[in-house]
2 protein chains.
Amino acid sequence: MVKPFNQIKPNSEDMTLSQTLTQLKSNLTQIIYKMENENTEQKILNAANEVFQEKGLYGARMQEIADKAGINKALLHYYYRSKEKLFETVFRAAVTLMAPKIRNIISSEEHLFDKIRRFTDEYISFLSNHAFLPAFVINELNKNPKLIQDVFLLEIGDSFQKLRDDVQILANKGEIKPVEVEHVLVNMISMSLFPIIAKPLLKTMFDKSEVDYQQFLNERKKLVADLIIESIKVN
Amino acid sequence: MVKPFNQIKPNSEDMTLSQTLTQLKSNLTQIIYKMENENTEQKILNAANEVFQEKGLYGARMQEIADKAGINKALLHYYYRSKEKLFETVFRAAVTLMAPKIRNIISSEEHLFDKIRRFTDEYISFLSNHAFLPAFVINELNKNPKLIQDVFLLEIGDSFQKLRDDVQILANKGEIKPVEVEHVLVNMISMSLFPIIAKPLLKTMFDKSEVDYQQFLNERKKLVADLIIESIKVN
DNA sequence: ACTTTTGTTGACCATTTGGTTAAATATTAT
DNA sequence: ATAATATTTAACCAAATGGTCAACAAAAGT
């Protein structure tokens, strides 16, 4: 067990300075070791993440992951018993990274219109920097639908009931039309996510450079929100 | 060379009835053989299509394809030299199945609004029955972006220049706002395609049965078109 | 100091995979 | 009928792959 620094008392009578220094050194060594250790596991996860997202479950090679993590393949199996186990860990992490954002925005107490603006803004920003994520998640979910049950229901859950309430209330107040939440939500997610998933396709189709495409995505933040809001607003 | 039936003259003087029958039988045998032959290749393509769409390039196993086609693995390699070759054939076929619809609608001479309505209607209908297609295409395009150059540019090409013209003209006439074609197109494709790609996810999320989800997709045909049109129309 | 636990490695293994080959069978052309 | 050609198969192969093992190294607990 690593002894925290603040528990070391260099002036206590039963310790010489030399002893104190020895202790300190040991302490540091342990901490560094722990850090490198965590590094190993983290490096595995990072490497696995890259490879899985690039190649998918089947295409990924354990050797490639090990190489990318700078470790031995046996050590990979020491940390994660099997490829499937490692994959599931990475996949869950990916979903866990994406889901809370939806959940938080959806279930907050802001005005619905602000939620919509925040969603398109934050979600497009976030996923632009994790471009492989949504394609990865959706693709694997297509191939392995049973993963959804426990992974996604757990993350999203019934949090979007709040959204349903929002719509109900605003509709009663006459601020918005009595729309179906499912369609509004799907419209919003579609227009935000799809251009990221289909990026290589659309980039080619529109003959845009990487920078131009990022700019294109940026424009969409406001554009999509406005489109959605305008389509449900009354007046 | 198979001799068509209508070229067989059973009463011609140089043929006995027996000869005629023998000829006929041979004829039939050949035709049946040809049909079975085409069947073999077609069965391979069908099997490969299923397996590739389900498992992707890496996940697919040649043995599984052979089994599903009811033939030997060596025969598979006899028809298609390698896995990559077979995959490319299947992939091209998939794209070729999807792309012309976009192209035809986009480059037709109808009014823009009708194009939009036709697109959402026909595209959602079509892809509902080929649910794996878009996910397959987009996913493989993500993993193997170089395929786009020759496959997709060839199919879509610059056909959506027509759309740009449409928008220009209607904008000049004051019928629609001066919008950016790219965004309109992406909005339309997003809202049509995404719910099909993310079907397993959304189905779970909204707790819908298969039938309910199909109904949900059906509703979107009109809904999406109206949304798009309403967002660009002036008045 | 010494024992136990944890981390790391290289060599190894069984299985799977894409692909080949040589021989058999069927079809077509002469 | 026969030679040539196309189709089909079983057996085989080399390479790759996920996974294991025994042994070594480092830390932690005592």
Side-chain angles (χ1 to χ4, degrees), chain A residues 1-4 7 22-45 47-48 51-52 55-90, chain B residues 1-4 7-8 19 22-45 47-48 51-52 55-90:
Chain A
M1 181 58 69
V2 179
K3 201 176 187 183
Q7 282 180 32
T22 312
Q23 166 90 37
L24 237 170
K25 187 181 159 197
S26 155
N27 216 303
L28 249 178
T29 313
Q30 286 174 40
I31 289 177
I32 288 171
Y33 180 71
K34 271 272 155 67
M35 282 174 65
E36 276 169 352
N37 227 6
E38 278 160 25
N39 239 6
T40 301
E41 185 150 7
Q42 198 52 53
K43 269 153 84 178
I44 290 180
L45 252 15
V51 178
F52 277 133
K55 311 265 177 88
L57 169 56
Y58 296 116
R61 300 294 155 217
M62 292 301 265
Q63 189 60 59
E64 191 182 345
I65 296 176
D67 290 349
K68 199 161 255 177
I71 58 161
N72 192 291
K73 196 176 52 155
L75 188 56
L76 198 58
H77 284 278
Y78 173 78
Y79 277 98
Y80 297 91
R81 206 166 306 123
S82 70
K83 192 186 185 183
E84 270 70 26
K85 193 84 191 59
L86 176 57
F87 176 78
E88 209 190 308
T89 305
V90 169
Chain B
M1 181 59 70
V2 178
K3 201 176 185 182
Q7 284 179 31
I8 304 171
Q19 279 177 326
T22 311
Q23 166 89 38
L24 238 171
K25 188 179 156 197
S26 155
N27 216 301
L28 250 178
T29 314
Q30 286 175 37
I31 290 176
I32 288 171
Y33 178 72
K34 271 272 155 66
M35 282 174 65
E36 276 168 352
N37 224 9
E38 277 160 24
N39 240 4
T40 301
E41 185 149 6
Q42 198 52 52
K43 268 152 85 178
I44 290 180
L45 251 16
V51 178
F52 277 133
K55 312 264 176 87
L57 170 56
Y58 295 117
R61 300 295 155 217
M62 293 300 265
Q63 189 60 60
E64 191 183 344
I65 296 177
D67 290 348
K68 198 162 255 176
I71 57 160
N72 191 290
K73 195 176 53 154
L75 188 56
L76 199 58
H77 284 279
Y78 172 76
Y79 277 99
Y80 297 91
R81 208 165 304 123
S82 71
K83 193 187 186 184
E84 270 70 25
K85 194 83 191 58
L86 177 56
F87 176 78
E88 209 190 307
T89 306
V90 169

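As a basis for the values below, the full set of heavy atoms in this structure was taken, side chains included, without hydrogen atoms, waters or symmetry mates. Naming convention: chains lettered A, B, ... in sequence-line order (proteins, then strands); numbering from 1 in each chain.
Using a 4.0 Å cut-off, no side-chain N or O of B:Asn72 falls inside it from OP1 or OP2 of D:dT8. The side chain of A:Tyr78 contributes no N or O atom lying less than 4.0 Å from OP1 or OP2 of C:dT8. OP1 or OP2 of C:dT8 lies within a sub-4.0 Å distance of a side-chain N or O belonging to A:Thr40. Contact check, A:Arg61 against D:dG18: a side-chain N or O comes under 4.0 Å of OP1 or OP2.
The distance between atom OH of A:Tyr79 and atom C1' of C:dT9, rounded to the nearest whole Å, is 13 Å. The nearest whole Å value for the distance from the CD atom in B:Gln63 to the P atom in C:dG19 is 13 Å. To the nearest angstrom, P of C:dT8 lies 16 Å from CG of A:Asp67. Between the OH atom of B:Tyr80 and the C1' atom of C:dG18 there is a distance of 17 Å, rounded to whole Å. What separates NE2 of A:His77 from P of C:dT6 is a distance of 21 Å, to the nearest Å. Rounding to whole angstrom units, CG of residue B:Leu75 and C1' of C:dT21 are separated by 15 Å. The interatomic distance linking B:Leu76 (CG) with C:dT17 (P) rounds to 14 Å, in whole Å. Per the geometry, NZ belonging to A:Lys83 stands 16 Å off P belonging to D:dA16, to the nearest Å.
There is no side-chain donor-acceptor pair under 3.5 Å between B:Glu88 and B:Tyr80.
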- Query: Taking it one step at a time, do B:Phe52 and B:Ile65 satisfy side chain to side chain contact (heavy atoms under 4.5 Å, CB included)?
  - Reply: CA-CA 9 Å; B:Phe52 277 133; B:Ile65 296 177; 4.1 Å; yes
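Among the protein residues, A:Ala66 comes within range of no part of the nucleic acid, since none of its heavy atoms lies under 4.0 Å from any strand.
Ranking D:dG19, D:dT8, C:dT8 by closeness to the A:Lys73 side chain, first place goes to D:dG19.
Applying the salt bridge (charged side-chain N to carboxylate O under 4.0 Å, His left out) test between B:Glu64 and each of B:Lys83, B:Lys55, B:Lys73 identifies B:Lys55 as the sole match. The side-chain contact (heavy atoms from CB on, under 4.5 Å) with A:Ile44 is formed by just one residue from the set A:Thr89, A:Asn39, A:Leu86; it is A:Leu86.
Place A:Ala74 and A:Tyr58 on DNA chain D by their nearest nucleotides, and A:Tyr58 ends up nearer the 5' end.
Between A:Lys85 and A:Tyr79, the closest side-chain pair of non-hydrogen atoms is not below 4.5 Å.
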